[in-house]
Amino acid sequence: MSAAAGTPPEGGGDRPWQSYHTAYTNAKAGMEGVDKEKVQKVIYEMSKGSKYFENEQRKEAVTKQKIEHLRAQCAALTDNDISHFQKVAEKKMLELEASRDLSKIWLHTDMDAFYAAVETLENPSLKGKPLAVGSMSMIATASYEARKFGVRAAMPGFIGCKLCPGLVFVRPNFERYTHYSELTRKVFQRYDPNFIATSLDEAYLNITNVCIERGITGEEVATELRSAIYQETGLTCSAGVAPNRMIAKVCSDINKPNGQFILPNDREAVLTFVSTLPIRKIGGIGKVTEQMLRQVLGISTCQEMLQKAAFLCALFSEGSADFFLSVGLGLGGTETPEQRQRKSISCERTFAATNDSSLLFEKLDSLAENLTDDLQKEGLKGKTLTLKLKTADFEVRTRAVTTRNYINSKEDILVYATKLLKAEMPLSLRLMGLRMSQLHDEKDDPSTSTQKTLDIFFRSSNDQQDFFLHDESCFIPEQRSFGNHSNEAVISKPLGGTKLDDVSSSAKVAPAEKLNEPDNLISPKAVASSSKPDQQSWIDGYICSICGFELPPGFEEERLEHSDFHLAETLQQEEAVDGTRHISNERLADRERPCSTTPTPKKKLKSSKEGKHIPIDAFFTKCNKNL
DNA sequence: GGGCCGTAGGCTT
DNA sequence: TTCCAAAGCCTACGGCCC
Ligand SMILES: Cc1cn([C@H]2C[C@H](O)[C@@H](COP(=O)(O)OP(=O)(O)OP(=O)(O)O)O2)c(=O)[nH]c1=O
Ligand SMILES: [Mg+2]
């Protein structure tokens, strides 16, 4: 028996729009005086009946099941279980508390209505008008004037129009945002050379030293910094100052448009601050997690995490529980993590739904071209290619292959992508995407110069679609702070070492590992069905016997890869026939029955945790697994 | 029992 | 009529291969 009691029914009753919380469930700055009920109703009216709506309903049903399952698990906990987990939780909390570090001062900055502000700056006639940056199908952000009408980021444009008839639209212009972002970063640099940029418009600065060296307070730094940014960009921003990043981020949102909020480095102040703070304000806790915690355990504020600590430990994975408890204690990242390199690069396009295969292949071709360009622009190659599909009814699927060698040429990409897509056809799609991961710097590779030869392909600029093509590549995006900083304990730079080293080491191994293995696929499926090579060879040592492609001396590696295509081609064709694919179906079957883990038997208390561990990332947290 | 792969899905801007 | 994005990161988990 848990705290499941006392949670409101959440039903739709005679006001269906009230239950359609599908999006926009989080409070956003600038939405204070908005008639939420009315907005909700408009959104509901415009959404209901659509494919999108149907899919949202389906997803909601799934999370409802998750919640039911958790409740059941919770109800099955015995007194013994509970007291056990209470001890576990208390121990955890003590450890976490012991790791509290109040010696650092962190500042988080967040530009105000960034894209919209930039557009207004470039075109002053937009000033004062309700503005949406985006298209009729999607709004990236809205000016504060527009927000008064309920218009906001991630809202489809046509709904924005309904909410705000005079809404002005401007298409995104990423070069501009990148430019202004760089200007702000020049300012950040002066306050913390190791600042962490988490997006074009956000960054964390460790201002501890500035405060000490100049003998000023965090508040003074914030004021000065914001002023400097305004001076040098003409844009306003908001700032939050706190002893750790997690809290600083929350603080920067408090006085959002052009304001700041400072939380002193004082334990009591932090605990008080966190005591009434809605969990949804914490980065990493989104709509689903919020609902689960509230509807299963009755948790809605951070402090309540501590009251339900035992249940959190009983129901969620260790990582998740640590994260939750950290939140309850107001702990977050305090050490500057290692510089992080990108892990994937991707592009995707939404289009009018179609099941026309030739049309789909055309689009795939364009995606491949796009991805190659982006990869080559950054001098990267990758081993895992993932095809993303969104069906006409908004269901998302991904299909991936991992190759033996690193690839980045268009034809390589296209060969694999095509196979992946073929295996799914026929079907009607509204989006396709390609992502390359397991990246590796091209430069580190001895057998360099790759693309030259394979670039002998179309170069035509595709039809830039409706707009919304990101290009945030630019600078040093140190994505997602992921507060996990493994505690200073271990000398200097302990954490990052592992993963980053991993990458670089495998990079060095790369050349060696591309032995004469003909099959470029790592997947055992292909290997298994092999043993029947289509005997591709090199005429005169450099002309492909199958397609006639020429790869002169000096392109040994390319020849190997090229051979791989042909082999993989034949192998995968066989494979596609013997429906090895559709693992997704198994998964669905799995879903039907609420996960394996039965409630915790008293004996193997541990096993209860093996249950359905809910995600939750460790953003911002400290969660020092002390290693 | 660890490590890798593939898939789904959550979260953020 | 149009009419719900794009890019990236992370965890969980089952299956497979050692
Ligand atoms: C939230 C969100 C933002 N963005 C882009 C547009 C935003 O201007 C930019 C920064 O995001 P935010 O900082 O979340 O939003 P904002 O700066 O526009 O407004 P404010 O901070 O004052 O509340 O990122 C998207 O493209 N999609 C999104 O879903
Ligand atoms: Mg912002």
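This is a predicted model, so every value here is computed, not measured.
Using a 4.5 Å heavy-atom cutoff, the side chains of A/Arg245 and A/Pro337 are in contact.
Here the nucleotide nearest the side chain of A/Arg342, chosen from C/dC9, B/dT7, B/dG9, is C/dC9. Nearest nucleotide to the side chain of A/Tyr52, out of C/dA6, B/dG6, C/dC4: C/dC4. Distance from the side chain of A/Lys343 is smallest for C/dC10 among the nucleotides C/dA5, C/dC10, B/dT13. Which of C/dG8, B/dG10, C/dA6 sits closest to the side chain of A/Val288 comes down to B/dG10. Distances from the side chain of A/Ser317 to the nucleotides C/dA5, B/dT13, C/dA12 place C/dA12 closest. Among the nucleotides B/dT13, C/dA7, B/dT7, the one closest to the side chain of A/Ser346 is C/dA7. Distances were taken from every side-chain heavy atom of A/Lys249 (C-beta onward) to each of C/dC4, B/dC11, B/dT12; the shortest belongs to B/dT12. The side chain of A/Glu348 sits closest to C/dA7 out of B/dA8, C/dA7, B/dG6. Each of B/dA8, C/dC10, C/dC4 was ranked by its minimum atom distance to the side chain of A/Arg340; first place goes to C/dC10.
Where A/Cys347 and A/Met155 each meet DNA chain C at their nearest nucleotide, the meeting point lying more 5' is that of A/Met155. Between A/Thr398 and A/Arg280, the residue anchored closer to the 5' end of DNA chain B is A/Thr398, taking for each the nucleotide with the nearest heavy atom. With the nearest nucleotide of DNA chain C identified for both A/Lys388 and A/Arg430, A/Arg430 has the one nearer the 5' end.
Ring orientation note: the planes of A/Tyr204 and A/His108 are tilted relative to one another, at an angle of 30° to 60°.
Counting non-hydrogen atoms under 4.0 angstrom, A/Gln438 reaches the backbone sugars and phosphates but no base. Nucleic acid contact for A/Lys390: sugar-phosphate only, since backbone atoms but no base atoms lie under 4.0 Å from a heavy atom of the residue. Contact annotation for A/Leu431: backbone-only contact, meaning every heavy-atom pair under 4.0 Å involves sugar-phosphate atoms and none involves a base.
Distance CD (A/Glu395) to P (C/dC4): 17 Å, rounded to an integer number of Å. Between the P atom of B/dT12 and the CD1 atom of A/Ile196 lies a distance of 18 Å, rounded to the nearest Å. Counting to the nearest Å, the P atom of C/dA12 and the CE atom of A/Met292 are 12 Å from each other. One atom, CZ of A/Phe174, and another, P of C/dG8, lie 12 Å apart when rounded to the nearest Å. Spacing between atom CD of A/Glu56 and atom P of C/dA5 amounts to 10 Å, rounded to whole angstrom units. Distance CD1 (A/Ile159) to P (C/dA5): 11 Å, rounded to an integer number of Å. Between the CD atom of A/Glu378 and the C1' atom of C/dG8 there is a distance of 12 Å, given to the nearest Å. In this structure, A/Gln291 places its CD atom 10 Å from P of B/dC11, rounding to the nearest Å.
For A/Thr350, a side-chain nitrogen or oxygen approaches OP1 or OP2 of C/dA6 to under 4.0 Å. Remark: A/Thr402 is in phosphate contact with B/dG6, judged by side-chain N or O atoms under 4.0 Å from OP1 or OP2. Taking only side-chain nitrogens and oxygens, A/Ser344 never comes nearer than 4.0 Å to OP1 or OP2 of C/dG8. The phosphate of B/dC11 has OP1 or OP2 within less than 4.0 Å of a side-chain N or O from A/Thr289. A close approach under 4.0 Å does not occur between any side-chain nitrogen or oxygen of A/Ser137 and OP1 or OP2 of C/dC4. Taking side-chain N and O atoms only, A/Arg435 has no distance below 4.0 Å to OP1 or OP2 of C/dG8.
For A/Ile159 against A/Ser47, the heavy-atom pair with the smallest separation is CD1-OG, 3.9 Å.
How far OG1 of A/Thr386 is from CD of A/Gln438: 9.5 Å, rounded to the nearest 0.5 Å.
Both the sub-6.0 Å distance and the 45° axial angle are not jointly satisfied by A/Arg349 relative to the ring of A/Phe351.
A salt bridge between A/Glu348 and A/Arg435 is absent, with no side-chain N of the basic residue lying under 4.0 Å from a carboxylate O of the acidic one. The pair A/Lys51-A/Glu54 fails the salt-bridge criterion, with no side-chain N (NZ, NE, NH1 or NH2) lying under 4.0 Å from an Asp/Glu carboxylate O.
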